[in-house]
Amino acid sequence: MPSPDALTRSDKAKLTRLSRDLVAWAANNGRLFPWRSNAATTYQKITVEVLLQRTTATAVAGIYDDFFSRFPDWDALAGASPVELEEFLRPLGLWRRRAAALIGLARYAAGTGGAFPSDANDHIAIPAVGQYVSNAILLFHHGRAAPLLDVNMARVIERAVRPRRLADIRHDPWLQAAAKWFARGATSVEVNWAVLDFAALVCKARRPVCEACPVNAYCAFFQRAKSSGVPLATLVATIERR
DNA sequence: AAGCCGGGGGA
DNA sequence: TCCCCAGGCTT
(Lines give C-alpha, C1' and ligand atoms only; values in the text may rest on other atoms or scores of the structure.)
Protein backbone atom coordinates (compact mmCIF):
# COMPACT_ATOMS: atom_id res chain seq x y z
CA MET A 1 0.00 0.00 0.00
CA PRO A 2 1.50 3.32 -1.10
CA SER A 3 2.17 6.08 1.37
CA PRO A 4 -0.66 8.62 1.66
CA ASP A 5 2.00 11.28 1.19
CA ALA A 6 3.07 10.02 -2.22
CA LEU A 7 1.92 11.61 -5.44
CA THR A 8 -0.40 9.28 -7.30
CA ARG A 9 -0.44 8.96 -11.05
CA SER A 10 -3.76 10.74 -10.97
CA ASP A 11 -2.30 13.59 -8.91
CA LYS A 12 0.50 14.04 -11.40
CA ALA A 13 -1.82 14.05 -14.39
CA LYS A 14 -4.04 16.64 -12.77
CA LEU A 15 -1.12 18.86 -11.76
CA THR A 16 0.33 18.68 -15.24
CA ARG A 17 -2.98 19.69 -16.74
CA LEU A 18 -3.37 22.45 -14.15
CA SER A 19 0.02 23.98 -14.88
CA ARG A 20 -0.63 23.93 -18.63
CA ASP A 21 -4.09 25.49 -18.26
CA LEU A 22 -2.92 28.20 -15.87
CA VAL A 23 -0.04 29.22 -18.13
CA ALA A 24 -2.53 29.49 -21.00
CA TRP A 25 -4.85 31.51 -18.80
CA ALA A 26 -2.05 33.83 -17.72
CA ALA A 27 -1.10 34.62 -21.30
CA ASN A 28 -4.24 36.74 -21.48
CA ASN A 29 -4.99 37.45 -17.84
CA GLY A 30 -1.64 37.56 -16.09
CA ARG A 31 -0.35 40.62 -14.27
CA LEU A 32 2.58 42.76 -15.31
CA PHE A 33 5.15 43.65 -12.68
CA PRO A 34 8.50 45.38 -13.09
CA TRP A 35 10.33 42.56 -11.32
CA ARG A 36 9.16 40.17 -14.02
CA SER A 37 10.67 42.30 -16.75
CA ASN A 38 13.74 41.16 -18.63
CA ALA A 39 15.33 44.35 -17.40
CA ALA A 40 15.13 43.22 -13.79
CA THR A 41 18.48 42.11 -12.41
CA THR A 42 18.97 38.97 -10.36
CA TYR A 43 19.58 41.26 -7.41
CA GLN A 44 16.16 42.78 -7.94
CA LYS A 45 14.45 39.46 -8.48
CA ILE A 46 15.77 37.98 -5.26
CA THR A 47 15.40 41.12 -3.17
CA VAL A 48 11.83 41.61 -4.30
CA GLU A 49 10.92 38.18 -2.98
CA VAL A 50 11.75 39.44 0.49
CA LEU A 51 9.76 42.59 -0.15
CA LEU A 52 6.78 40.50 -1.23
CA GLN A 53 6.60 38.45 1.95
CA ARG A 54 3.46 38.96 4.00
CA THR A 55 2.30 41.88 1.92
CA THR A 56 0.56 42.47 -1.39
CA ALA A 57 2.20 42.61 -4.79
CA THR A 58 0.40 45.90 -5.34
CA ALA A 59 2.11 47.43 -2.32
CA VAL A 60 5.51 46.30 -3.57
CA ALA A 61 4.80 47.67 -7.03
CA GLY A 62 4.13 51.02 -5.38
CA ILE A 63 7.58 51.34 -3.87
CA TYR A 64 9.54 49.40 -6.47
CA ASP A 65 11.02 52.24 -8.50
CA ASP A 66 11.94 54.40 -5.54
CA PHE A 67 13.41 51.48 -3.66
CA PHE A 68 15.68 50.25 -6.41
CA SER A 69 16.71 53.74 -7.43
CA ARG A 70 17.99 54.30 -3.91
CA PHE A 71 19.36 50.75 -3.46
CA PRO A 72 20.45 49.66 -6.95
CA ASP A 73 22.64 46.71 -5.98
CA TRP A 74 23.72 44.45 -3.12
CA ASP A 75 26.43 46.87 -2.02
CA ALA A 76 24.01 49.76 -1.73
CA LEU A 77 21.55 47.69 0.23
CA ALA A 78 24.24 46.22 2.46
CA GLY A 79 25.40 49.71 3.38
CA ALA A 80 21.93 51.14 3.94
CA SER A 81 21.14 52.82 7.20
CA PRO A 82 18.44 50.83 8.95
CA VAL A 83 16.40 53.91 9.68
CA GLU A 84 16.37 55.07 6.09
CA LEU A 85 15.61 51.58 4.83
CA GLU A 86 12.73 51.27 7.26
CA GLU A 87 11.18 54.42 5.81
CA PHE A 88 11.16 52.85 2.36
CA LEU A 89 9.62 49.69 3.71
CA ARG A 90 6.90 51.20 5.86
CA PRO A 91 4.09 50.89 3.28
CA LEU A 92 4.66 47.13 3.20
CA GLY A 93 4.25 46.50 6.90
CA LEU A 94 6.68 44.47 9.03
CA TRP A 95 9.23 47.15 8.22
CA ARG A 96 11.61 46.66 11.12
CA ARG A 97 11.87 42.94 10.66
CA ARG A 98 12.09 43.35 6.90
CA ALA A 99 14.86 45.94 7.08
CA ALA A 100 16.98 43.73 9.30
CA ALA A 101 16.39 40.75 7.03
CA LEU A 102 17.29 42.68 3.90
CA ILE A 103 20.49 44.07 5.35
CA GLY A 104 21.53 40.63 6.52
CA LEU A 105 20.84 39.14 3.12
CA ALA A 106 22.57 42.01 1.32
CA ARG A 107 25.68 41.76 3.49
CA TYR A 108 25.93 38.11 2.67
CA ALA A 109 25.43 38.67 -1.05
CA ALA A 110 27.78 41.63 -1.18
CA GLY A 111 30.41 39.40 0.39
CA THR A 112 30.09 36.79 -2.33
CA GLY A 113 29.83 39.21 -5.22
CA GLY A 114 26.16 38.38 -5.61
CA ALA A 115 26.63 34.63 -5.87
CA PHE A 116 24.49 32.11 -4.01
CA PRO A 117 25.17 28.42 -3.45
CA SER A 118 23.64 26.08 -5.99
CA ASP A 119 22.90 23.54 -3.27
CA ALA A 120 19.73 24.45 -1.39
CA ASN A 121 21.15 22.79 1.73
CA ASP A 122 23.64 25.63 1.91
CA HIS A 123 20.92 28.28 1.86
CA ILE A 124 19.68 27.78 5.38
CA ALA A 125 22.64 29.70 6.78
CA ILE A 126 21.81 32.80 4.75
CA PRO A 127 19.80 35.52 6.52
CA ALA A 128 16.21 35.95 5.32
CA VAL A 129 16.42 32.80 3.21
CA GLY A 130 13.88 30.19 4.16
CA GLN A 131 12.37 27.55 1.93
CA TYR A 132 10.52 30.04 -0.23
CA VAL A 133 13.44 32.38 -0.97
CA SER A 134 15.70 29.38 -1.39
CA ASN A 135 13.50 28.19 -4.20
CA ALA A 136 13.47 31.70 -5.67
CA ILE A 137 17.27 31.60 -5.72
CA LEU A 138 17.26 28.26 -7.51
CA LEU A 139 14.69 29.54 -9.97
CA PHE A 140 16.03 33.01 -10.76
CA HIS A 141 19.73 32.79 -9.96
CA HIS A 142 20.50 29.25 -11.07
CA GLY A 143 17.87 28.90 -13.75
CA ARG A 144 16.53 25.72 -12.25
CA ALA A 145 12.94 24.56 -11.97
CA ALA A 146 11.61 25.18 -8.46
CA PRO A 147 8.20 25.89 -6.92
CA LEU A 148 7.58 29.25 -5.26
CA LEU A 149 5.38 27.42 -2.79
CA ASP A 150 3.54 30.01 -0.75
CA VAL A 151 -0.01 30.30 0.53
CA ASN A 152 -1.22 31.02 -2.99
CA MET A 153 0.24 28.02 -4.77
CA ALA A 154 -0.78 25.90 -1.81
CA ARG A 155 -4.37 27.09 -1.96
CA VAL A 156 -4.70 26.46 -5.68
CA ILE A 157 -3.18 22.99 -5.54
CA GLU A 158 -5.16 22.05 -2.45
CA ARG A 159 -8.45 23.14 -3.95
CA ALA A 160 -7.86 21.67 -7.37
CA VAL A 161 -6.38 18.37 -6.22
CA ARG A 162 -6.63 17.74 -2.49
CA PRO A 163 -5.88 19.35 0.87
CA ARG A 164 -2.56 18.86 2.61
CA ARG A 165 -2.25 16.78 5.74
CA LEU A 166 0.02 18.88 7.96
CA ALA A 167 -0.64 22.38 9.20
CA ASP A 168 2.56 23.83 7.82
CA ILE A 169 2.96 24.17 4.05
CA ARG A 170 6.70 23.84 4.40
CA HIS A 171 6.58 20.42 6.01
CA ASP A 172 3.77 18.63 4.27
CA PRO A 173 5.35 15.86 2.16
CA TRP A 174 2.48 15.53 -0.30
CA LEU A 175 2.15 19.26 -0.91
CA GLN A 176 5.89 19.61 -1.35
CA ALA A 177 5.94 16.85 -3.92
CA ALA A 178 2.87 18.23 -5.63
CA ALA A 179 4.35 21.71 -5.91
CA LYS A 180 7.61 20.37 -7.23
CA TRP A 181 5.82 18.38 -9.89
CA PHE A 182 3.55 21.30 -10.69
CA ALA A 183 6.45 23.69 -11.32
CA ARG A 184 8.81 21.26 -12.98
CA GLY A 185 10.26 21.63 -16.46
CA ALA A 186 11.45 24.39 -18.71
CA THR A 187 8.43 26.62 -18.10
CA SER A 188 8.93 26.73 -14.35
CA VAL A 189 9.06 30.52 -14.14
CA GLU A 190 5.93 30.96 -16.21
CA VAL A 191 4.06 28.37 -14.17
CA ASN A 192 5.06 30.05 -10.92
CA TRP A 193 3.93 33.48 -12.10
CA ALA A 194 0.74 32.09 -13.60
CA VAL A 195 -0.40 30.42 -10.41
CA LEU A 196 0.33 33.51 -8.34
CA ASP A 197 -1.80 35.63 -10.67
CA PHE A 198 -4.51 33.03 -10.81
CA ALA A 199 -4.60 32.80 -7.03
CA ALA A 200 -4.76 36.58 -6.64
CA LEU A 201 -7.43 37.18 -9.27
CA VAL A 202 -9.58 34.04 -9.44
CA CYS A 203 -8.77 31.39 -6.84
CA LYS A 204 -8.84 33.93 -4.03
CA ALA A 205 -8.80 33.01 -0.37
CA ARG A 206 -12.07 34.70 0.53
CA ARG A 207 -14.34 34.83 -2.47
CA PRO A 208 -13.01 32.64 -5.24
CA VAL A 209 -14.57 33.35 -8.61
CA CYS A 210 -15.30 29.71 -9.36
CA GLU A 211 -17.92 30.54 -11.99
CA ALA A 212 -15.27 32.21 -14.13
CA CYS A 213 -12.53 29.71 -13.34
CA PRO A 214 -10.82 28.13 -16.34
CA VAL A 215 -10.19 24.85 -14.52
CA ASN A 216 -13.44 24.38 -12.60
CA ALA A 217 -14.33 21.40 -14.78
CA TYR A 218 -11.77 19.31 -12.93
CA CYS A 219 -11.30 21.25 -9.68
CA ALA A 220 -12.06 18.99 -6.72
CA PHE A 221 -13.14 21.94 -4.59
CA PHE A 222 -15.64 23.22 -7.14
CA GLN A 223 -16.97 19.79 -7.97
CA ARG A 224 -17.47 19.07 -4.29
CA ALA A 225 -19.30 22.36 -3.82
CA LYS A 226 -21.51 21.69 -6.79
CA SER A 227 -22.46 18.17 -5.83
CA SER A 228 -22.97 18.94 -2.15
CA GLY A 229 -25.23 21.88 -2.83
CA VAL A 230 -23.50 23.78 -0.07
CA PRO A 231 -23.11 27.46 -0.95
CA LEU A 232 -19.59 28.13 -2.14
CA ALA A 233 -19.03 30.89 0.38
CA THR A 234 -19.71 28.46 3.18
CA LEU A 235 -17.42 25.82 1.82
CA VAL A 236 -14.59 28.29 1.34
CA ALA A 237 -14.19 28.61 5.06
CA THR A 238 -13.46 24.96 5.50
CA ILE A 239 -11.00 23.13 3.36
CA GLU A 240 -11.10 19.91 5.25
CA ARG A 241 -7.87 18.11 5.85
CA ARG A 242 -7.59 14.41 6.03
C1' DA B 1 6.68 19.96 13.38
C1' DA B 2 4.28 23.37 15.71
C1' DG B 3 4.37 28.34 17.84
C1' DC B 4 5.66 32.76 17.61
C1' DC B 5 6.38 37.13 15.48
C1' DG B 6 4.67 41.52 13.44
C1' DG B 7 2.52 45.81 10.30
C1' DG B 8 -0.57 47.60 6.56
C1' DG B 9 -4.85 47.33 4.31
C1' DG B 10 -9.19 45.62 2.84
C1' DA B 11 -13.79 43.45 3.92
C1' DT C 1 -12.55 44.04 14.48
C1' DC C 2 -10.95 40.16 11.79
C1' DC C 3 -8.55 38.16 8.17
C1' DC C 4 -5.32 38.15 4.42
C1' DC C 5 -0.83 39.14 2.35
C1' DA C 6 5.01 35.88 -2.95
C1' DG C 7 7.34 33.50 5.44
C1' DG C 8 11.38 33.35 8.52
C1' DC C 9 12.97 32.18 13.02
C1' DT C 10 12.89 29.78 17.47
C1' DT C 11 11.81 25.95 20.19
Under 4.0 Å between any heavy atoms, over every strand shown, what does [X] touch: base, sugar-phosphate, or nothing? Just pick one.
{"X": "A:Val50", "answer": "nothing"}
{"X": "A:Arg90", "answer": "sugar-phosphate"}
{"X": "A:Leu94", "answer": "base"}
{"X": "A:Val133", "answer": "sugar-phosphate"}

Inset, instruction - Check whether the side chains of A:Asp66 and A:Ser69 place a donor and an acceptor atom closer than 3.5 Å, and report yes or no. - result: no

Legend entry - A:Lys180 NZ: over 12 foreign heavy atoms closer than 6.0 Å: no

Legend entry - Atom CZ of A:Arg31: over 12 foreign heavy atoms under 6.0 Å: yes

In whole Å, what is the span from the [atom1] atom of [X] to the [atom2] atom of [N]?
{"X": "A:Arg54", "N": "C:dC9", "atom1": "CZ", "atom2": "C1'", "result": "13 Å"}
{"X": "A:Ile126", "N": "C:dC9", "atom1": "CD1", "atom2": "P", "result": "11 Å"}
{"X": "A:Leu105", "N": "C:dC9", "atom1": "CG", "atom2": "C1'", "result": "15 Å"}
{"X": "A:Arg97", "N": "C:dT10", "atom1": "CZ", "atom2": "P", "result": "10 Å"}
{"X": "A:Arg206", "N": "C:dC5", "atom1": "CZ", "atom2": "P", "result": "8 Å"}
{"X": "A:Ile169", "N": "C:dC5", "atom1": "CD1", "atom2": "C1'", "result": "12 Å"}
{"X": "A:Leu102", "N": "C:dG8", "atom1": "CG", "atom2": "C1'", "result": "12 Å"}
{"X": "A:Arg207", "N": "C:dC3", "atom1": "CZ", "atom2": "P", "result": "16 Å"}

Inset, instruction - Determine the interatomic distance between P on C:dA6 and the same-named atom on B:dG3; round to the nearest Å. - result: 24 Å

Legend entry - Span that lies between the P atom of B:dG9 and that of C:dG8, in whole angstrom: 22 Å

Output side-chain donor-acceptor pairs under 3.5 Å for residues 97-109 of chain A, partner residues at least two apart or in another chain, one line each.
from: A:Arg98; atom 1: NE; to: A:Gly93; atom 2: O; distance (Å): 3.4
from: A:Arg98; atom 1: NH1; to: A:Val50; atom 2: O; distance (Å): 2.9
from: A:Arg98; atom 1: NH1; to: A:Leu51; atom 2: O; distance (Å): 3.0
from: A:Arg98; atom 1: NH1; to: A:Gln53; atom 2: O; distance (Å): 2.8
from: A:Arg98; atom 1: NH2; to: A:Gln53; atom 2: O; distance (Å): 3.0
from: A:Arg98; atom 1: NH2; to: A:Gly93; atom 2: O; distance (Å): 3.2

Inset, instruction - Considering only heavy atoms of chain A and a distance under 4.0 Å, specify the first and last nucleotide of DNA chain B in 5' to 3' order that meet this criterion. - result: B:dA1 to B:dA11

Inset, instruction - Check the hydrophobic clustering (I, L, V, M, F, W, Y; side-chain heavy atoms under 4.5 Å; chains of links allowed) and say if A:Leu94 and A:Leu52 are grouped together. - result: no

Inset, instruction - Evaluate the side chain to side chain contact (heavy atoms under 4.5 Å, CB included) criterion for residues A:Trp181 and A:Leu7: first the C-alpha distance (whole Å), next the side-chain angles of each, then the deciding distance (0.1 Å), finally the verdict. - result: CA-CA 9 Å; A:Trp181 182 268; A:Leu7 276 186; 3.8 Å; yes

Inset, instruction - Between A:Ala128 and A:Trp193, name the one whose nearest nucleotide on DNA chain C is closer to the 5' end. - result: A:Trp193

Legend entry - Along DNA chain C (nearest heavy atom to each residue), the more 5'-positioned of A:Gln131 and A:Ala199: A:Ala199

Legend entry - Paired nucleotide for B:dA2 [Watson-Crick or G-U wobble; both distances under 3.5 Å]: C:dT10

Inset, instruction - Establish, yes or no, whether the cationic atom of A:Arg164 lies under 6.0 Å from the six-membered ring centre of A:Trp174 and within 45° of the ring axis. - result: no

Sequence neighbours left out, cut at 3.5 Å: what donor-acceptor pairs do the side chains of residues 137-144 of chain A make with other protein atoms?
from: A:His141; atom 1: NE2; to: A:Phe116; atom 2: N; distance (Å): 3.2
from: A:His142; atom 1: NE2; to: A:Phe116; atom 2: O; distance (Å): 3.0
from: A:His142; atom 1: NE2; to: A:Pro117; atom 2: O; distance (Å): 3.0
from: A:Arg144; atom 1: NH1; to: A:Ser118; atom 2: O; distance (Å): 3.3
from: A:Arg144; atom 1: NH2; to: A:Ser118; atom 2: O; distance (Å): 2.6

Legend entry - N/O (side chain, A:Gln53) to phosphate O (OP1/OP2, C:dC5) under 4.0 Å: no

